[in-house]
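Fair warning: this is a prediction, and the values are worked out from it, not measured in the lab.
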Amino acid sequence: QVHLAESGGGSVQAGGSLELSCTASPNTFGTYVLGWFRRLPGKDREFVAAVGGSGHRTYYADSVTGRFAISRDTARDRADLTMNGLKPEDTAVYYCAAARTTAYAPSRSPGAYEYWGQGTQVTVSS
């Protein structure tokens, strides 16, 4: 099984930035996609971004395209999510997740991901 640990959550004013980190163990490079999801207040978890098993391809939800960036440090098996231009509607608990790689693009469905971190709170004030 894979253990995931998130860090970097906090509070920020609208327009500010935060960087979240997800550390995976054991090593998942080439075997698992690492993704970020978020659970907005009163809503189900939704896809935010993912980075492919090779670390070369990235995917984003329309709501964060151009503002968020995901990257993968294969040596440390860590996925970072840099969040810029934060909006109050970005307020949520953010989760790191891992899914086995396939021949297709990573799934955007939470149910496709086998392993999850405990989540980290991001709060954006207006």
Side-chain angles (χ1 to χ4, degrees):
Q1 62 181 15
V2 177
H3 174 72
L4 303 172
E6 304 104 331
S7 64
S11 298
V12 65
Q13 291 184 318
S17 300
L18 285 173
E19 182 170 302
L20 307 182
S21 294
C22 169
T23 300
S25 62
N27 192 284
T28 59
F29 178 72
T31 306
Y32 286 87
V33 169
L34 296 180
W36 284 95
F37 291 76
R38 66 188 182 186
R39 177 172 55 80
L40 277 65
K43 298 183 179 180
D44 296 328
R45 295 186 187 187
E46 65 181 30
F47 175 80
V48 176
V51 58
S54 68
H56 298 306
R57 296 183 179 181
T58 58
Y59 309 85
Y60 299 94
D62 290 343
S63 60
V64 306
T65 296
R67 298 190 297 122
F68 293 8
I70 189 170
S71 61
R72 189 166 188 165
D73 184 330
T74 57
R76 299 180 178 180
D77 205 14
R78 190 183 75 202
D80 296 330
L81 183 69
T82 301
M83 305 184 293
N84 298 311
L86 285 163
K87 306 174 181 179
E89 53 262 44
D90 293 319
T91 295
V93 178
Y94 284 72
Y95 299 88
C96 182
R100 293 184 183 274
T101 57
T102 70
Y104 309 98
S107 175
R108 300 186 176 215
S109 173
Y113 289 75
E114 300 176 77
Y115 303 103
W116 294 82
Q118 294 300 304
T120 184
Q121 176 71 47
V122 171
T123 302
V124 184
S125 60
S126 59

What heavy-atom pair brings Leu81 and Ala49 nearest, and what distance separates the two atoms?
-> CD1-CB, 4.1 Å
Tell me, yes or no, whether the heavy-atom count around Glu89 atom CD, taken from other residues, nucleotides or ligands under 6.0 Å, exceeds 12.
-> yes
How would you list, by chain and number, every residue that makes a side-chain hydrogen bond (donor to acceptor under 3.5 Å, both in side chains) with Asn27, sequence neighbours excluded?
-> none
Hey, what do you get for CD (Glu46) to CG (Leu40), rounding to the nearest 0.5 Å?
-> 5.0 Å
Can you name the closest pair of heavy atoms from Gly52 and Tyr59 and give their distance?
-> N-CE1, 4.5 Å
Take Val93 and Phe37, measure what side-chain contact (heavy atoms from CB on, under 4.5 Å) needs, and give me the verdict at the end.
-> CA-CA 8 Å; Val93 178; Phe37 291 76; over 6 Å; no
Report whether Leu20 and Tyr95 are members of the same hydrophobic cluster (ILVMFWY, side-chain heavy atoms less than 4.5 Å apart, transitive linking).
-> no
Examine the side chains of Arg78 and Ser7 and answer whether a donor and an acceptor come within less than 3.5 Å of each other.
-> no
Examine Trp36 and Val33 and state if one hydrophobic cluster contains both, with Ile, Leu, Val, Met, Phe, Trp and Tyr joined whenever side-chain heavy atoms are less than 4.5 Å apart.
-> no
Taking all non-hydrogen atoms of both residues into account, name the closest pair between Asp77 and Pro26 and its distance.
-> OD2-O, 3.5 Å
Under 3.5 Å, is there a donor-acceptor pair between the side chain of Thr101 and the main chain of Thr31?
-> yes
Considering all heavy atoms, the nearest Leu4-Ala98 contact | CD1-N, 3.7 Å
Do Leu86 and Phe47 belong to the same hydrophobic cluster, where Ile, Leu, Val, Met, Phe, Trp and Tyr are linked whenever their side-chain heavy atoms lie under 4.5 Å apart, directly or via other members?
-> no
Non-hydrogen atoms of Ser54 and Phe29 that approach each other most closely | O-CE1, 3.2 Å
Sidechain-backbone polar pair: Arg67 side chain, Gly85 backbone, donor-acceptor under 3.5 Å | yes
Ignoring hydrogens and angles, tell me if any N or O in the side chain of Arg108 forms a donor-acceptor pair with the backbone of Tyr60 under 3.5 Å.
-> yes
Basic-acidic side-chain contact under 4.0 Å: Arg72, Asp80 | no
Is the shortest heavy-atom distance from the side chain of Tyr94 to the side chain of Glu6 under 4.5 Å?
-> no
With sequence neighbours excluded, residues passing side-chain hydrogen bond (donor to acceptor under 3.5 Å, both in side chains) with Arg45 = none
Value rounded to 0.5 Å, distance of CD in Glu19 from CG in Asn84 | 9.5 Å
Report yes if some heavy atom in the side chain of Arg38 is under 4.5 Å from a heavy atom in the side chain of Asp90; otherwise report no.
-> yes
Inter-residue atom distance Phe68.CZ - Leu18.CG, 0.5 Å rounding | 9.0 Å
Enumerate, atom names and distances included, each donor-acceptor pair closer than 3.5 Å involving a side-chain atom of residues 110-126, sequence neighbours excluded.
unit_1: Tyr113; atom_1: OH; unit_2: Ser107; atom_2: O; d: 2.8
unit_1: Glu114; atom_1: OE2; unit_2: Arg100; atom_2: NE; d: 3.2
unit_1: Trp116; atom_1: NE1; unit_2: Tyr113; atom_2: O; d: 3.1
unit_1: Thr120; atom_1: OG1; unit_2: Gly9; atom_2: N; d: 3.2
unit_1: Gln121; atom_1: NE2; unit_2: Ala92; atom_2: O; d: 3.4
unit_1: Gln121; atom_1: NE2; unit_2: Thr123; atom_2: OG1; d: 3.4

Would you name the heavy atoms of Leu34 and Ala24 that are closest together and state the gap between them?
-> CD2-CB, 4.4 Å
